[in-house]
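One structure is given here, and the rest of the page talks about it.
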There are 2 protein chains.
Amino acid sequence: MSEHPRYEGLHGQLGALGALKRNIVRVLPHDCPAGSAAVLATLRHHGSVRLSRLADLHSVDISVASRHVSHAVDRGWVARTRDPEDRRSWILELTAAGRGVLDDISERTTRLLADRLSGWTDDEIGQLTAVMVHLRETFAECRPVPRAAAPALA
Amino acid sequence: MSEHPRYEGLHGQLGALGALKRNIVRVLPHDCPAGSAAVLATLRHHGSVRLSRLADLHSVDISVASRHVSHAVDRGWVARTRDPEDRRSWILELTAAGRGVLDDISERTTRLLADRLSGWTDDEIGQLTAVMVHLRETFAECRPVPRAAAPALA
DNA sequence: TATTGTTATACTCTATAACTATA
DNA sequence: TATAGTTATAGAGTATAACAATA
């Protein structure tokens with residue numbers, strides 16, 4: 001039926017994403033929901049970014065990113081300062097406290113993965129990591145399109 | 001700090017899961033939320049199962065699976081009958097209508113992936129699929145543990 | 001008494017829309 | 001007028017707890 005048979009096998013496996021994500025969320029610190037954890041990880045990886053850029057990277061609406069960032073700012077994990085070059089924008093930056101929370105999260109998720117993926121070989125884990133990196137790069141620029149016709153990418 | 005360095009690189013990439021999942025959810029039919037779509041896909045893959053088994057497979061609480069199944073039953077996508085061998089349990093089965101919805105979903109997700117992953121090689125897509133299958137198998141039996149000490153797996 | 005499943009409640013995540021401030 | 005961001009609202013996802021029915 002479809003003209004893209006090479007993706008067919010993939011569709012049935014997508015539920016795995018939800019199961020993995022739920023398992024990860026369960027081990028996060030109690031005052032750090034998944035949204036804020038994602039903000040911290042992205043800021044460490046990309047350095048200081050504007051809020052709109054962060055929303056793009058997460059593939060969510062700006063309003064969603066705004067909430068997650070506010071949660072982190074309230075707890076001193078992220079510093080939010082006006083962009084001097086465009087005073088409508090905010091510059092987001094990880095604080096020392098934020099780095100500490102991120103280390104905690106990293107330790108928890110590492111422990112979870114070490115437990116759940118103990119049956120995986122080093123090679124399989126390497127493939128998993130490579131696929132994740134590739135996925136992140138592929139979906140990094142997909143902010144939700146307002147259902148209107150998206151401008152041609154070219 | 002951690003004794004499991006081979007998982008370190010993985011942690012920072014987990015945000016990719018959320019981005020991919022959000023993109024998929026956006027293309028689902030309007031009356032089929034992600035939870036119900038996952039139910040349909042699992043029933044097609046595993047055949048008839050009991051509700052508790054479905055919750056295990058999705059790594060969610062039974063109450064969550066119950067809601068998702070009810071949504072699908074209300075629309076005639078899933079048949080729910082009492083298990084004659086244990087009348088507390090329900091046997092869940094995909095209906096013809098459910099199969100139709102699933103075909104629609106499959107077509108939509110395939111279209112999305114064909115668009116987003118157009119830059120990926122066949123080999124990379126094969127690796128992605130293999131990793132997904134492996135993940136699904138690994139996390140298939142992880143119903144949320146009630147925070148009490150989990151019984152030893154051995 | 002223990003287990004299967006349902007339902008009520010509360011919290012998180014998400015997008016839409018209305019609004020403020022700046023360009 | 002257009003854009004960056006905030007906030008209010010509504011709908012979906014989830015876990016906990018209380019409950020009914022069956023083992």
Among pairs that include at least one residue of residues 90-100 of chain A, which meet side-chain hydrogen bond (donor to acceptor under 3.5 Å, both in side chains), considering only residues two or more places apart or in two chains?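 Every candidate side-chain hydrogen bond (donor to acceptor under 3.5 Å, both in side chains) pair involving residues 90-100 of chain A fails, so no pair, neighbours aside, qualifies.
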Could you tell me whether the side chains of B/Ser59 and A/Arg22 share a donor-acceptor contact shorter than 3.5 Å?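 Checked: B/Ser59/A/Arg22 side chains show no N/O donor-acceptor pair below 3.5 Å.
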From [atom1] of [X] over to [atom2] of [N], roughly how many Å is that when rounded to an integer?
X	N	atom1	atom2	answer
A/Asp56	C/dA15	CG	P	12 Å
A/His71	C/dT14	NE2	P	13 Å
B/Arg53	C/dG5	CZ	P	13 Å
A/Ile62	D/dT6	CD1	P	9 Å
A/Ile24	D/dT14	CD1	P	14 Å
B/Arg22	D/dG13	CZ	P	14 Å
B/His68	D/dA12	NE2	P	11 Å
A/Leu20	D/dT14	CG	P	14 Å

Between B/Ala34 and A/Arg50, just flag the one whose closest nucleotide in DNA chain D comes earlier from the 5' side.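 This one resolves to A/Arg50.
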5'-most contact on DNA chain D: A/Arg67 or A/Trp90, nearest heavy atom basis?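 It is A/Trp90, whose closest nucleotide lies nearer the 5' terminus.
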Within less than 4.0 Å of OP1 or OP2 of C/dT6, is there a side-chain N or O belonging to B/Arg80? yes
Please state whether the phosphate of D/dT3, meaning OP1 or OP2, lies under 4.0 angstrom from any side-chain nitrogen or oxygen of A/Ser89. no
Residues that A/Arg82 engages under side-chain hydrogen bond (donor to acceptor under 3.5 Å, both in side chains), provided they are two or more places apart: none
Report the residues that fulfil side-chain hydrogen bond (donor to acceptor under 3.5 Å, both in side chains) with A/Ser70, sequence neighbours left out, ordered by chain and then residue number.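 A/Arg80.
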Its contact letters, B for base, S for sugar-phosphate only and - for none at protein heavy atoms under 4.0 Å, make nucleotides 17-23 of chain D read ----BBS
ring-ring contact (aromatic ring centres under 6.0 Å, His included) against B/His134, all qualifying residues, sequence neighbours excluded: A/Trp120
Taking only distance into account, with no hydrogens and no angle test, what donor-acceptor pairs under 3.5 Å do side-chain atoms of residues 121-128 of chain B form with protein atoms, sequence neighbours excluded?
unit_1, atom_1, unit_2, atom_2, d
B/Thr121, OG1, B/Asp123, N, 3.4
B/Thr121, OG1, B/Glu124, N, 3.1
B/Thr121, OG1, B/Glu124, OE1, 3.4
B/Asp122, OD1, A/Arg6, NH1, 2.3
B/Glu124, OE1, B/Thr121, N, 2.8

Picking from C/dT6, D/dT14, C/dA15, which would you name as closest to the side chain of B/Arg26?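 Minimum distance to the B/Arg26 side chain belongs to C/dA15.
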Quick one: do A/Arg87 and A/Asp83 make a salt bridge, cutoff under 4.0 Å? no
